[in-house]
Amino acid sequence: MTFPATPEEAIALQERLRDRVRVDVPLPGNPALVAGVDVAYADSEDTEGLVAGAIVILDAATLDVVESASLVGRAEFPYVPGLLAFRELPTLLSIWEGLRHRPDVVVCDGYGVAHPRRFGLACHFGLLTGVPTFGVGKTAFVGSHAPVGDARGASADLMFEGDVVGRALRTRTGVKPVFVSAGHLIDLDGACSVTLSLTSGYRLPETTRQADRLSRDALRTAMS
DNA sequence: GCGACAG
DNA sequence: ATCTTGTCGC
């Protein structure tokens with residue numbers, strides 16, 4: 001099926017796919033390859049709509065970059081809170097199809113089931129690729145949580161409509177927590193575990209940091 | 001009804 | 001997301 005053209009169609013699609021998501025699956029062993037995905041946008045008058053997506057695959061043990069790819073294109077869908085996937089997926093999927101390696105888990109910049117309709121970008125990406133996915137957000141989108149301890153590793157469940165949809169997780173002592181939620185084929189514990197293994201010196205996972213840098217570089221190059 | 005609202 | 005300098009602190 002093709003991508004929805006309107007927010008109404010997009011919402012309908014999310015509600016149709018949401019029940020296929022599996023977030024009760026423990027990750028089978030420690031992942032060997034972890035991927036990060038991100039998209040950068042141009043905001044000027046004449047570059048309006050220009051986007052650059054990037055996917056970076058790291059060796060989970062050493063955090064060395066095993067493979068990376070980027071692609072510049074046009075955003076076909078407007079940014080609407082709750083519908084981020086429809087803006088970023090086309091570019092990310094194109095990149096995904098050209099990858100030589102198959103990561104064991106993908107870290108998305110955004111949310112999984114911690115979403116108004118329980119179907120964030122990470123769920124959608126996981127469903128379409130069949131690979132375990134989860135999301136790490138920098139700010140809260142839905143839900144609320146108790147205060148998080150000050151030490152790295154401390155966390156508090158993110159509650160939404162009576163359910164635990166994610167976790168506010170402190171990845172660095174004394175630094176604002178990030179918001180982790182399962183996307184597909186992984187559970188919350190696994191997602192938090194992987195997140196901690198990817199955050200040694202920074203608040204955000206090394207995967208998203210690398211993908212963020214690559215997407216920005218690709219966008220810069222495309223505009224110059 | 002009003003505000004808030006991943007990136 | 002993006003526009004942006006210096007500055008406080010480990």
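Lettering follows sequence order; numbering is per chain, from 1.
- Closest contact between the side chain of A:L84 and the listed nucleotides B:dC5, B:dG7, C:dA1 involves B:dG7.
- Contact annotation for A:A42: no contact, since no heavy-atom pair falls under 4.0 Å across all strands.
- Counting any heavy atom pair closer than 4.0 Å across all strands shown, A:G82 reaches a base atom.
- At the phosphate of B:dG7, OP1 or OP2 sits under 4.0 Å from a side-chain N or O atom of A:T139.
- Contact check, A:Y79 against B:dA6: a side-chain N or O comes under 4.0 Å of OP1 or OP2.
- In this structure, of B:dG7, B:dC5, C:dT2, it is B:dG7 that holds the atom nearest to the side chain of A:D38.
- In this structure the side chain of A:V107 never reaches within 4.5 angstrom of the side chain of A:T195, judged on heavy atoms.
- Among the atoms of the strands shown, base atoms are found under 4.0 Å from some heavy atom of A:L83.
- Ring-base stacking between A:Y111 and B:dA6 is not satisfied when judged by a centre separation under 5.5 Å and a plane angle under 30°.
- Among the atoms of the strands shown, only primed sugar atoms or phosphate atoms (P, OP1, OP2) are found under 4.0 Å from some heavy atom of A:R216.
- In DNA chain B, no stem is built from 3 or more consecutive Watson-Crick or G-U wobble pairs with both distances under 3.5 Å.
- The backbone N or O of A:R100 sits less than 3.5 Å from a side-chain atom of A:E67, completing a donor-acceptor pair.
- Taking a cutoff of 4.0 Å between a charged side-chain nitrogen and a carboxylate oxygen, A:R209 and A:E206 qualify as a salt bridge.
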Intra- and interstrand pairs of DNA chain C - dot-bracket, Watson-Crick/G-U under 3.5 Å, | marks other strand: ..........
